[in-house]
Amino acid sequence: MNLARILKTPLPIVSTKLLFCRALHVPLTASRLPHLHRKSFAKVTNDDIKQFEGILSSSRVLCAEEDIAGHCTDWTRVFRGTGSIVLKPKTTAEVSEILKYCNNRNLAVVPQGGLTGLVGGSVPVFDEVIISLSLMNKIIKIEPLAGVLVCQAGCVLQRLNDAVAEHGMTMPLDLGAKGACQIGGNVSTNAGGIRFLRYGSLHASVLGLEAVMADGSVVDNLSTLRKDNTGYDVKQLFIGSEGTLGIVTSVTIATPPKPKAITVCFVGCRSFADALKTYASAKASLGEILSACEFMDNDSMSLVKKNLGLVNPLGESYPFYVLLETSGSDGSHDEDKVTKFVEAGSSFENGTLTSEPSKIKNIWSLRENIAVALLRDGVQHKFDISVPVECMYDLVEIMRKRVHGLGAVSCVGYGHLGDGNLHLNITSRERIEELDNAIVPFVYEWTAQRKGSISAEHGLGVQKSQYIHFSKTPPAIALMRSIKSTLDPKGILNPYKVLPIE
Ligand code: FAD
Ligand code: 2HG
Ligand code: ZN
């Protein structure tokens, strides 16, 4: 591939700010999923409200319908509960008092971050008490030499990235919801995102963590040490447990140096096999500077154009697109490598290459806004699987045939190619039973047959808890249940989520 053939088309700048589609009527989760029955938790009384006002002051205890509605429906507009109270603590001591009280009273709770989770974990299923972490938004300290950030759980990811950037560092994770999601939510879902390829999982980047247990006791593990092998690493239990084992109140995150040079290369491929070849050759020739490798099919690109007006600089003329990013500390060294990669490329025909921040942002916005564009279609069927990368796209093709004629509006595939993580999304204008039945459990069965994961990065929430057995064995599920009952004997923390209902 000759560098001269690379297009340098400017793209319009489009904000990645989340767009909410309020028009769609969202049915109650419990009315749609017949396995869900309210457990025998207590109901919130006027006396409980007085007690909460004693802990927090009345301005941080919300009971008016208009204040609560937004906390009961999730971002995908698929999940809705009937919560009647939202509590907004500012300190760990307040979270501790709230949980101690709820545990004694047998009141179920749902921890809530930025509400951008995609599996219905952050909203009540019935009338659970909503504990919003949004006012726990203090940055506690930033240590450039050690490369660590210590902050409260309610800090929004974008703000943290901006804050550490002032000290020459970056956050080890980045995702389309960065303007709204909170670090506590990221940690609780073990969010992956577009920097996973470079910095790996939050299981490694979270150095310390403070959490409040169901009975109100505080586990203070807010260490800033890089190395600490004293006993079991209990903080790992809270990473990815989706608020079912404790409420994360503060975290220490390892923050790597901010890359000095970033280049983005966006190429069109004639087949998925060519997209894979592009990834393989990028790995081989870009090596340590390769920081992201994403793919999207042409239907995803047509959708962002149709629903959001975003224009693909390669003109929708390829069935697949690969977005590669390099980040390093020496621009000319990286440029040499990227040039060689592009010149050697035989698996892509055309592309655009840029190091200009505004153009980089525009190219990323094509990828990051696919979820937002899908939301504009209507009802969402979201899947987030990992399978051997060679067969990853087969599922999209199979599903297109399977849902044909059943009322689907879109059936698209895109995702984190470098992590073997496919996002299959099917949408429809309204909920159609025949379409639902054609999709689930088929997608999970197909994934299990290939020994894949039915949730690579979004978690299980209430959407996939009943399907955990497709990816985990009975002994593993039994062990999870015993951890849950040890840490939360009354089951008040985010009930109906993660573990299947027996
Ligand atoms: P919420 O949605 O509020 O909560 C998520 C779960 O965590 C819930 O179960 C909740 O109970 C629990 N929780 C929240 N805060 C706490 C806390 N302090 N203590 C205990 N439990 C808590 N995910 C990826 O992995 N990769 C992506 O690339 C990615 N991209 C996304 C792009 C868009 C546009 C959107 C809308 C979502 C995306 N997500 C992605 C989903 C992802 O899970 C969330 O964006 C994010 O990690 C959730 O953070 P949140 O603060 O919004 O949490
Ligand atoms: C992404 O990678 C997110 O964009 C969202 O994980 C995926 O909407 C989805 O299916
Ligand atoms: Zn993703």
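When a ligand or atom number is given, it counts from 1 through the structure's own listing order. It should be emphasised that the depicted structure is a prediction, and the values quoted were computed from it without experimental measurement. Hydrogens, waters and symmetry mates are skipped; everything else that's a heavy atom, side chains included, is used.
- When each atom of ligand 1 is checked for a heavy atom of N494 under 4.0 Å away, the hits are 9 (O), 11 (O).
- With a 4.0 Å heavy-atom cut-off, ligand 1 is reached by no atom of I194.
- Contact analysis puts R367 in contact with ligand 2, with a non-hydrogen atom separation below 4.0 angstrom.
- Residue nearest to atom 35 (C) of ligand 1, selected from G120, S134, G243, A177: A177 (by heavy-atom distance).
- The shortest heavy-atom distance from H416 to ligand 2 is under 4.0 Å.
- Atoms of ligand 2 found under 4.0 Å from any heavy atom of N425, numbered from 1 in the order shown, are 9 (C), 10 (O).
- The cationic atom of R367 (NZ for Lys, CZ for Arg) does not lie both less than 6.0 Å from the six-membered ring centre of Y414 and within 45° of the ring axis.
- Those atoms of ligand 2 that come under 4.0 Å of a heavy atom in A371, given as number and element, are 8 (O).
- Those atoms of ligand 2 with a heavy atom of H458 less than 4.0 angstrom away are 3 (C), 5 (C), 6 (O), 7 (C).
- The shell of residues lying under 4.0 angstrom from ligand 1, judged by heavy atoms, excludes V372.
- For ligand 1, the atoms closer than 4.0 angstrom to any heavy atom of L118 are 36 (C), 37 (C), 38 (C), 39 (N), 41 (C).
- A cation-pi arrangement, defined by a distance under 6.0 Å to the six-membered ring centre and an angle within 45 degrees of its axis, is present between R32 and F79.
- Contacts with ligand 1 closer than 4.0 Å are made by side-chain heavy atoms of L133 only, the backbone lying farther away.
- Contact annotation for H458 and ligand 1: only side-chain heavy atoms (C-beta onward) come within less than 4.0 Å of the ligand.
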>> As a quick check of understanding, evaluate salt bridge (charged side-chain N to carboxylate O under 4.0 Å, His left out) for D48 and R105, giving each step before the final call.
In response: CA-CA 9 Å; D48 295 324; R105 273 277 296 130; 2.7 Å; yes
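- Contact between D384 and ligand 2 is absent, with no heavy atom of the residue lying under 4.0 Å from the ligand.
- Heavy-atom proximity to atom 16 (C) of ligand 1, evaluated over G179, S188, A153, is greatest for S188.
- For atom 9 (O) of ligand 1, the nearest non-hydrogen atom from the set Q112, Q152, E242 comes from E242.
- Of the candidates N421, D419, L118, L424, the one placing a heavy atom closest to atom 5 (C) of ligand 2 is L118.
- Salt bridge E325/R198: absent, no basic N to carboxylate O contact under 4.0 Å.
- Under 3.5 Å, the side chains of E316 and S302 contain a donor-acceptor pair of N or O atoms.
- Considering T76, T427, N425, D436 as possible partners of H381, the one that fulfils the side-chain hydrogen bond (donor to acceptor under 3.5 Å, both in side chains) test is D436.
- A salt bridge between R38 and D127 is present, with a side-chain N of the basic residue lying under 4.0 Å from a carboxylate O of the acidic one.
- Close approach of ligand 1 to G246 is summarised as follows: ligand atoms under 4.0 Å from at least one heavy atom of the residue are 20 (C).
- If you look at T189 next to ligand 1, the close heavy atoms, those under 4.0 Å, all belong to the side chain.
- Those atoms of ligand 1 with a heavy atom of I247 less than 4.0 angstrom away are 19 (N), 20 (C).
- Of all the atoms in ligand 1, the ones that sit under 4.0 Å from a non-hydrogen atom of H416 are 28 (O).
- Checked against the 6.0 Å centroid criterion, the rings of F383 and Y444 qualify as a close aromatic pair.
- At a 4.0 Å cut-off, not a single heavy atom of E368 sits close enough to ligand 2 to count as contact.
- No salt bridge links E242 with K497; every basic N to acidic carboxylate O contact stays at or beyond 4.0 Å.
- Counting heavy atoms under 4.0 Å from ligand 1, residue E368 does not touch it at all.
- Taking 4.0 Å as the cut-off, G192 counts as a neighbour of ligand 1 on heavy-atom distance.
- Note that R77 lies outside the cation-pi zone of W75, set by a 6.0 Å cut-off to the ring centre and a 45° limit from the axis.
- Heavy-atom proximity to E457, at under 4.0 Å, picks out these atoms of ligand 2: 2 (O), 6 (O).
- N186 and Q182 share no side-chain donor-acceptor pair at under 3.5 Å.
- Aromatic pair F295/Y279: ring centres not closer than 6.0 Å.
- Remark: ligand 1 atoms within the under-4.0 Å shell around heavy atoms of G117 are 2 (O), 52 (O).
- A salt bridge is absent between K235 and E210: the closest approach of a Lys/Arg side-chain nitrogen to an acidic carboxylate oxygen does not fall below 4.0 angstrom.
- For atom 9 (C) of ligand 2, the closest non-hydrogen atom on the protein side is Y414 OH, 3.0 Å.
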>> Under the criterion salt bridge (charged side-chain N to carboxylate O under 4.0 Å, His left out), I'd like the reasoning laid out for D299 against R400: C-alpha separation, chi angles, the key distance, then a yes or no.
In response: CA-CA 11 Å; D299 284 13; R400 265 189 201 128; 3.4 Å; yes
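- Near K382, meaning under 4.0 Å from any of its heavy atoms, are these atoms of ligand 2: 8 (O), 9 (C), 10 (O).
- Around the Zn ion (ligand 3), the angle linking H416 (NE2) with E457 (OE2) is 90°, rounded to 10 degrees.
- Residue-environment remark: NZ (K305) stays at or below the threshold of 12 foreign heavy atoms within 6.0 Å.
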> Run the side chain to side chain contact (heavy atoms under 4.5 Å, CB included) check on K464 and V119 step by step: do they pass?
Replying inline: CA-CA 7 Å; K464 302 179 207 165; V119 290; 3.8 Å; yes
